[in-house]
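Read through the structure below, which is laid out as C-alpha cells, and then see the notes.
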Amino acid sequence: MPTGKIKFFDTDRGFGFIAGDDGSQVFLHASALPPEVTNPKPGSRVDYGVADGRKGPQALSVTLLDPVPTVARTDRRPAEDMVVVVEDLIKLLDRASGALRKGRYPEKDFSSRLASVMRVVADDFDG
C-alpha cells in the first residue's frame with residue numbers, strides 16, 4: 001500500500017492531494033478519509049489505495065499513520081479575546097434562527113460567513 005503525506009486539503013470543497021513517497025501526486029476526495037477525520041492537516045502521513053479516476057490517480061481507503069501534532073493550543077486566542085468572537089457568533093446564530101423560523105435558510109453570503117465564524121470558534125475550542 002503506498003504511503004505519502006497530505007499536501008493540502010480544502011474542507012469546504014471536500015478534496016485535496018497526497019504527495020506520494022514515490023513522487024506521485026494523488027487526488028484525495030473526502031469520501032476516502034476515515035469517518036473521524038474531517039480536516040486532515042498538511043504533512044500528515046497516510047497510507048492509501050490507488051485507483052484510476054477520471055482525472056488521474058485517486059486515493060482510496062486513506063489511513064492516517066501519524067497525524068501532525070496540533071499547535072492549536074499554543075495558537076489559541078486569549079480567552080478574553082474569544083468573548084467578543086463568541087458573542088458575535090451568538091448574534092449570527094440568532095439571525096440564522098430567525099430565518100429558519102420563517103421556514104427558509106439564510107442567504108448564501110450570510111450562511112457562508114456564519115459557517116466561517118463557526119469553524120474559527122470550533123478550531124479555537126478544539127485546540
Side-chain angles (χ1 to χ4, degrees):
M1 190 170 264
T3 58
K5 291 183 178 180
I6 302 289
K7 188 172 180 181
F8 82 92
F9 190 83
D10 186 333
T11 54
D12 292 335
R13 299 173 77 186
F15 73 90
F17 288 91
I18 296 171
D21 290 340
D22 61 356
S24 64
Q25 182 168 297
V26 179
F27 178 78
L28 170 61
H29 189 266
S31 63
L33 294 168
E36 69 276 6
V37 178
T38 56
N39 186 16
K41 303 293 182 209
S44 298
R45 289 209 42 86
V46 294
D47 69 9
Y48 53 95
V50 179
D52 287 329
R54 287 186 301 166
K55 295 182 178 180
Q58 181 171 344
L60 299 172
S61 303
V62 174
T63 304
L64 281 175
L65 299 176
D66 54 345
V68 174
T70 182
V71 292
R73 186 164 295 281
T74 59
D75 290 344
R76 275 183 162 177
R77 293 178 197 154
E80 310 83 52
D81 293 349
M82 285 302 292
V83 171
V84 175
V85 174
V86 169
E87 288 174 353
D88 286 347
L89 176 59
I90 291 169
K91 290 175 186 171
L92 292 171
L93 288 170
D94 280 344
R95 183 174 161 189
S97 175
L100 293 171
R101 283 192 186 114
K102 294 177 182 173
R104 59 179 170 75
Y105 279 88
E107 310 84 44
K108 184 173 174 77
D109 289 343
F110 175 79
S111 295
S112 295
R113 194 170 98 216
L114 174 60
S116 296
V117 172
M118 289 173 66
R119 281 188 200 97
V120 168
V121 171
D123 286 346
D124 273 6
F125 275 82
D126 192 31

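The model shown is predicted, which means the values in this text are computed figures rather than measured ones.
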### Query
Does the side chain of Val62 come within less than 4.5 Å of Ile18's, by heavy atoms?
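In short, these two side chains touch, coming nearer than 4.5 Å.
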
### Query
About how many Å separate CG of Leu92 and CG of Asp88, when rounded to the nearest 0.5 Å?
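Going from the CG atom of Asp88 to the CG atom of Leu92 covers 6.5 Å.
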
Under the rule for side chain to side chain donor-acceptor pair (under 3.5 Å), what residues qualify as partners of [X], not counting sequence neighbours?
{"X": "Ser24", "result": "Asp22"}
{"X": "Asp81", "result": "none"}
{"X": "Asp12", "result": "Arg119"}

Minimum heavy-atom separation for [X] and [Y], please, with both atom names.
{"X": "Ala99", "Y": "Tyr105", "result": "CB-C, 4.4 Å"}
{"X": "Gln58", "Y": "Gly53", "result": "OE1-CA, 4.0 Å"}
{"X": "Leu60", "Y": "Ala51", "result": "CD1-CB, 3.4 Å"}
{"X": "Arg45", "Y": "Thr3", "result": "NH2-OG1, 3.4 Å"}
{"X": "Gly16", "Y": "Phe9", "result": "N-CD1, 3.6 Å"}
{"X": "Ser44", "Y": "Leu64", "result": "CB-CD2, 3.8 Å"}

#### Entry: Cluster check Phe8, Ile6: I/L/V/M/F/W/Y, side chain < 4.5 angstrom
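They do not share one cluster, since no chain of ILVMFWY contacts under 4.5 Å joins Phe8 to Ile6.
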
### Message
Quick check: is Val86 connected to Met118 through a chain of hydrophobic side chains (ILVMFWY, heavy atoms under 4.5 Å apart)?
### Response
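Result: yes, single cluster for both.
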
#### Entry: Residues that, via side-chain heavy atoms closer than 4.5 angstrom, fall in one hydrophobic cluster with Met1
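Members other than Met1 - counting any ILVMFWY side chain reachable under 4.5 Å - there are none.
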
#### Entry: Co-members of the apolar cluster containing Val120 [side chain, <4.5 Å]
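Via sub-4.5 Å side-chain contacts, Val120 links to none.
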
Under 3.5 Å, sequence neighbours excluded: what are the donor-acceptor pairs made by side chains of residues 32-39?
none

### Query
Who are the side chain to side chain contact (heavy atoms under 4.5 Å, CB included) partners of Val83, not counting sequence neighbours?
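Partners of Val83 by the side chain to side chain contact (heavy atoms under 4.5 Å, CB included) criterion, ordered by chain and then number, come out as Glu87.
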
### Task
Please list, chain by chain and in numerical order, all residues satisfying side chain to side chain contact (heavy atoms under 4.5 Å, CB included) with Ala96, sequence neighbours excluded.
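Scan of Ala96 (side chain to side chain contact (heavy atoms under 4.5 Å, CB included), adjacent residues dropped) gives Pro106, Phe110, Leu114.
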
### Message
Suppose the criterion is side chain to side chain donor-acceptor pair (under 3.5 Å): which pairs have a residue in residues 107-117, not counting sequence neighbours?
### Response
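Residue pairs passing side chain to side chain donor-acceptor pair (under 3.5 Å), neighbours aside: Arg95-Glu107.
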
### Task
Applying ring pair (Phe, Tyr, Trp, His ring centres under 6.0 Å), name anything that partners Phe27, two or more places apart in sequence or on another chain.
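Phe15, Phe17.
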
